[in-house]
Asks: 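Once you've had a glance at the structure underneath, I'll fire off some questions.
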Amino acid sequence: MKLGFIGTGALTSAIVTGLKSAADNSVSVVLSPRNQEVAAGLALRYPDVRVAADNQAVLDSCDTIMLAVRPQIAHEVLAGLQFRRDHHVVSLIAILSREEIAALTAPVEQVTKALPMPMIAHRQGATIICPPDRRMAALFGRLGKVIEVEDPSEFDALSVVTATFASYFKYLDTIHGWLKEHGVADARARDYIVTIFKALANAPETAPDTGFMDLAQDYATRGGLNEQVLRELTARSVFDAFAESLDGVHRRIAAGAAPRIGPPS
């Protein structure tokens, strides 16, 4: 496989880093010069990664093309490129539908949507793929778990999960800040939070047949401290507001389009 990237940002860097740390790291990579600093850094670290002169040069020298540009500029970036019918295009642009990508990359016959996350740089996490794609499942399988789905609406729903990461870290930051305000040293507070929540994250895996609320009840002893916080947050409709935010993200993704801003690069 000759793997090319249109767009060279954090996600491209994570994929290349993960692939090159895997046991089978024989995939040759050609990068867009879009982000010169990131592209040059990857090419310097890995001998079989090179930076193309421009985006068209990426297409001309590769058979598999990953689209990793921001959705706001995807139309402008892709419109001037000449794709081949035999290109395998893998869109990492969550907001744009597979049909829209297919129209932008015509006459390409094989278009796959994939949604890897930055943690695949450490070969962790999961990548969702639609429709099922044997070659891409094998490629992303080197970087973590792969979940293949047939239905684009299911792909869109799963994509919403990725919008919750920043809020998760804000949740941890709130606990961290509260501990510091109450006299706990910064590093000690952070270490305790990281250790505890890492263990909690493993709980669903160690009890795969147990529902999330069943796990919550395991910790929410009647009259206990966990029950108090859960009861108070529920009474303030915190979780209802969170669900409404998920609905808003889902509407945005399902719309299949994003505003176009800025010039192509």
Side-chain angles (χ1 to χ4, degrees), residues 1-83 87-96 101 104-105 112-129 135-136 138-146 159 162-163 165-166 168-169 190 194 258 261-265:
M1 179 188 297
K2 294 182 179 178
L3 179 60
F5 287 86
I6 303 298
T8 314
L11 192 51
T12 295
S13 179
I15 294 171
V16 173
T17 300
L19 287 174
K20 294 306 170 186
S21 66
D24 178 6
N25 60 8
S26 59
V27 176
S28 64
V29 175
V30 181
L31 301 174
S32 158
R34 173 170 170 71
N35 186 321
Q36 293 182 357
E37 183 178 354
V38 173
L42 290 170
L44 189 63
R45 285 163 58 193
Y46 307 113
D48 54 353
V49 174
R50 68 178 180 87
V51 183
D54 54 33
N55 287 334
Q56 186 59 51
V58 175
L59 301 187
D60 294 343
S61 59
C62 296
D63 49 42
T64 303
I65 308 297
M66 289 198 179
L67 306 180
V69 297
R70 290 181 292 117
Q72 295 89 344
I73 62 170
H75 288 76
E76 287 81 357
V77 171
L78 300 179
L81 299 177
Q82 299 297 314
F83 287 84
H87 274 137
H88 182 175
V89 168
V90 182
S91 174
L92 311 181
I93 309 171
I95 290 179
L96 299 188
I101 293 297
L104 289 168
T105 60
T112 304
K113 287 200 68 175
L115 193 58
M117 290 292 104
M119 62 277 289
I120 65 173
H122 307 291
R123 293 186 283 134
Q124 297 177 350
T127 297
I128 52 176
I129 295 174
R135 291 180 72 231
M136 286 305 105
L139 180 73
F140 285 110
R142 305 179 194 179
L143 307 176
K145 188 177 181 64
V146 173
S159 299
T162 68
F165 299 166
Y168 169 73
F169 288 114
R190 188 182 191 282
V194 169
I261 56 174
S265 57

Asks: Would you indicate whether the side-chain heavy atoms of Thr17 and Leu42 approach each other to under 4.5 Å?
Replies: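 Yes. Closest side-chain heavy atoms under 4.5 Å.
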Asks: In Å and rounded to the nearest 0.5 Å, what is the CG to OG1 distance from Leu81 to Thr105?
Replies: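 Output value for this atom pair is 10.0 Å.
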Asks: Kindly write out the residues that satisfy salt bridge (Lys or Arg N to Asp or Glu O under 4.0 Å) with Arg190, not counting sequence neighbours, or none if the list is empty.
Replies: none
Asks: Mind checking the NZ-CE spacing from Lys113 to Met136? Nearest 0.5 Å is all I need.
Replies: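 Rounded to the nearest 0.5 Å, the NZ-CE separation comes to 16.0 Å.
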Asks: Please list all pairs passing the salt bridge (charged side-chain N to carboxylate O under 4.0 Å, His left out) test where one or both residues lie in residues 13-23, with sequence neighbours left out.
Replies: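 For residues 13-23: Lys20-Asp48.
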Asks: Hey, can you pull the donor-acceptor pairs under 3.5 Å for the side chains in residues 9-16, sequence neighbours left out?
Replies:
from  : atom 1 : to   : atom 2 : distance (Å)
Thr12 : OG1    : Gly7 : O      : 2.8

Asks: Could you state the interatomic distance from OG1 (Thr64) to CZ (Arg135), rounded to the nearest 0.5 Å?
Replies: 4.0 Å
Asks: Could you check whether any side-chain heavy atom of Val58 comes within less than 4.5 Å of a side-chain heavy atom of Phe5, counting everything from C-beta outward?
Replies: no
Asks: If the condition is side-chain hydrogen bond (donor to acceptor under 3.5 Å, both in side chains), which residues does Ser21 pass it with, not counting sequence neighbours?
Replies: Arg123
Asks: Going by the rule side-chain hydrogen bond (donor to acceptor under 3.5 Å, both in side chains), which residues pair with Gln36 if we only count those two or more places apart in sequence or in a different chain?
Replies: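 side-chain hydrogen bond (donor to acceptor under 3.5 Å, both in side chains) list for Gln36, sorted by chain: empty.
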Asks: What distance separates Leu78 CG from Leu67 CG, expressed to the nearest 0.5 Å?
Replies: 5.5 Å
Asks: I'd like to check the side-chain hydrogen bond (donor to acceptor under 3.5 Å, both in side chains) partners of Asp63; sequence neighbours left out, ordered by chain and number.
Replies: none
Asks: Should Leu19 and Leu139 count as side-chain neighbours, where that means a heavy-atom distance under 4.5 Å?
Replies: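 Yes. Closest side-chain heavy atoms under 4.5 Å.
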Asks: For Phe165, give me all partners under side chain to side chain contact (heavy atoms under 4.5 Å, CB included), at least two apart in sequence or on another chain.
Replies: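 Phe165 satisfies side chain to side chain contact (heavy atoms under 4.5 Å, CB included) with Met117, Met119, Thr162 only.
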Asks: May I ask you to decide if Ser32's main-chain N or O and Thr8's side chain share a donor-acceptor pair within less than 3.5 Å?
Replies: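 Such a contact is found between Thr8 side chain and Ser32 backbone.
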Asks: Would you indicate whether the side-chain heavy atoms of Phe83 and Val89 approach each other to under 4.5 Å?
Replies: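 Yes - at least one pair of side-chain heavy atoms lies under 4.5 Å apart.
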Asks: Can you list the residues that meet the side chain to side chain contact (heavy atoms under 4.5 Å, CB included) rule with Ala74, with sequence neighbours excluded?
Replies: Val69, Ile93, Leu96
Asks: Could you tell me which non-hydrogen atom of Ala114 sits nearest to which non-hydrogen atom of Ile129, and how far apart they are?
Replies: CB-CG1, 4.3 Å
Asks: For residues Ala52 and Val30, report the shortest heavy-atom separation together with the two atoms involved.
Replies: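 In this case the closest contact between Ala52 and Val30 is CB-CG1, 3.7 Å.
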Asks: Mind checking side-chain hydrogen bond (donor to acceptor under 3.5 Å, both in side chains) for Ser61 and listing every partner two or more places apart, or none if nothing turns up?
Replies: Arg50
Asks: For Gln82, is there any backbone N or O sitting under 3.5 Å from a side-chain donor or acceptor partner on Gln56?
Replies: yes
Asks: If I compare all heavy atoms of Pro33 with all of Ala53, which pair ends up nearest, and what's the gap?
Replies: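 In this case the closest contact between Pro33 and Ala53 is CG-O, 3.6 Å.
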Asks: Identify the two heavy atoms, one from Leu143 and one from Gly18, that lie closest to each other, and give their separation to 0.1 Å.
Replies: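 Minimum heavy-atom contact is CD2-C, 3.2 Å.
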Asks: First locate atom SG of Cys62, then atom CG of Leu31, and finally report the distance between them rounded to the nearest 0.5 Å.
Replies: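 CG of Leu31 is found 9.0 Å from SG of Cys62.
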Asks: Once you round to the nearest 0.5 Å, how far does CG of Leu3 lie from CD1 of Ile65?
Replies: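 Spacing of CG (Leu3) from CD1 (Ile65) equals 7.5 Å.
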